[in-house]
Amino acid sequence: MEVLYNKKDKHAIVAFAKRLEGKTLWQACGTVGMHQIGGKGNFGSLLEKHYFGYEPNSDAQPDFPEAGLELKTTPLKKHAKAGLVSKERLVLNLINYVQLTKETFADSSFWKKNSQLLLVFYLHDKEKTLLDYDIKVVGSWEFPEEDLAVIKADWETIVTKVRQGKAHELSEGDTFYLGACTKGAKGGNRRQQPFSHIQAKQRAFSLKQGYVNHILHRLTQGGRERYGTILKTQERTASVPLEEVVMERFRPFYGMEVEAIVRQIGCDLNSRAKGFYASLTKVVLGIQPDEQIDEFEKGDVVIRTVRLKPNGNAAEDISFPAFRYKELVEQSWDTSDLKEDLEKKFFFVFYKYDSSGGLYLQKAAFWNMPYTDLEEARKVWLETVRRIRRGQAHTLPKKSENRVCHVRPHARNSHDTNETPDGQLVVKKSFWLNNSYIKEIYTSLS
DNA sequence: GCATGATCATGC
DNA sequence: GCATGATCATGC
């Protein structure tokens, strides 16, 4: 195939790639060779072969070595409120656990391959074949310095865990922007790790979905939200770890009553408004209540506020979105919404009531679910699916059945129902983290 | 006092 | 109108 661009010139490659915008694979590549394809392969490799004219490979080099540019294609989906958003994380190169522990960031396989990305965003549509997906946005991406500092720290977190012989315990929730996501048939592929005999799931470096959305917004000037950043200029310059900065923002207020915190910061928050605690968290972090937290959005960080009773027990369980019975039984654990939700990085803010009803800030900390607890959640999830299939959607796993989580109604009222596979209408339900488990989390962080 | 069921407030 | 995160109500 004739190559229609200078493969050594980054700008020429990007300009050539830009011509994909508004087209489908079919339109962009013409009919040449397309009859041989018949929809086989994946979007990325078809684009490499039939548009850019090179054979897909798994080299350590970027796809355009002379230009240092790595081509990545990634799906978008339509979001009712936000318009087009990333459908998933962006999967980068596979992790070789043995090699990884011998690398430094600057000479790492991750950085050699992915320091400059050429991104092709297409709109995924399950009604279409991939030849007919609309290519929406094309652009090149280099990581700004402030993001790179976070990504380097993430990379170090991953390497450290592997050096500790814990590659099998890696989780996406370990890190902020750069994740180690499972890759391969249902996460079933196992690989050797250098400092343990336990086989670890095959994983790849990946950019969190939130970070991909950030890239998309930057390339399109899109995104209507206002953002505030936690990291201020001098902290960025000094490369202070994000986690440390967040902890330092909260520490001065430990032990203080909420109204006193509001007074000390001098902000105008109504403590009776339902979003009060969410706003207070932002204000403590130095962010306006009407702004999104830049670093947390990029890192898919989930904020949860927890009130502890005077005896130290969590006052409430923590809910996740209601599921649909018929959809749940079609999923596998590895592709389940619950696993996706539980593997996120959480930011917990704990308040505690004293005996006279005053509420005091106790602790704020990042947390992600340990692997062994995720296995407990898996059991509950599997049992839930099993009972729904048996027509027992009325009696799903209770709090007393598992240490970590349970299933409970989560609806507008008792008439707010979903249909089960056998045609019953049962009140909408969701998974909840047990309040006793939340107390465990609090204890582990103190 | 807690587990379980039920429902609310908010934002889009 | 609904999803989401949060909280209330009741009975044992």
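Within every chain, numbering begins at 1; the chains are lettered A, B, ... in the order of the sequence lines, protein sequences first and strands thereafter.
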Original post:
Between A/E376 and A/N402, is any side-chain donor less than 3.5 angstrom from a side-chain acceptor?
Top reply: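 Yes, A/N402 and A/E376 have a side-chain donor paired with an acceptor closer than 3.5 Å.
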
When you check the phosphate oxygens OP1 and OP2 of [N], does a side-chain N or O of [X] lie under 4.0 Å from one of them?
| X | N | value |
| --- | --- | --- |
| A/R412 | B/dA6 | no |
| A/R408 | B/dC2 | no |
| A/S414 | B/dG5 | no |
| A/K428 | C/dA3 | yes |
| A/K399 | B/dT4 | no |

**OP:** On DNA chain B, check which nucleotide each of A/N311 and A/H410 is closest to and give me the residue with the more 5' one.
**Re:**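 With A/N311 and A/H410 compared, the 5'-side residue is A/N311.
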
Original post:
DNA chain B: A/Q292 or A/H394, which has the more 5' nearest nucleotide?
Top reply: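 Its nearest nucleotide lies further toward 5', so the answer is A/H394.
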
Can you tell me how far [atom2] of [N] sits from [atom1] of [X], to the nearest Å?
| X | N | atom1 | atom2 | result |
| --- | --- | --- | --- | --- |
| A/K344 | C/dG5 | NZ | C1' | 14 Å |
| A/W432 | B/dT4 | CH2 | C1' | 10 Å |
| A/Y353 | C/dT7 | OH | C1' | 10 Å |
| A/D290 | B/dG11 | CG | P | 11 Å |
| A/E327 | C/dA3 | CD | P | 11 Å |

Original post:
When the C1' atoms of the five terminal pairs at each end define the local axes, what inter-axis angle does the helix from B/dG1-C/dC12 to B/dC12-C/dG1 show, to 10 degrees?
Top reply: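 The angle, to the nearest 10 degrees, is 30°.
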
Subject >> Worked verdict on A/K208 versus A/D300 for salt bridge (charged side-chain N to carboxylate O under 4.0 Å, His left out) >> reply: CA-CA 7 Å; A/K208 300 285 181 82; A/D300 291 334; 5.8 Å; no

**OP:** Can you figure out which of B/dT7, B/dT4, C/dA6 approaches the side chain of A/K398 most closely?
**Re:**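 So the side chain of A/K398 is nearest to B/dT4.
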
**OP:** Measure from the side chain of A/N435, starting at C-beta and using heavy atoms only, and say which of B/dA3, B/dT7, C/dA3 lies closest.
**Re:**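 Taking heavy atoms from C-beta onward, the closest nucleotide is B/dA3.
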
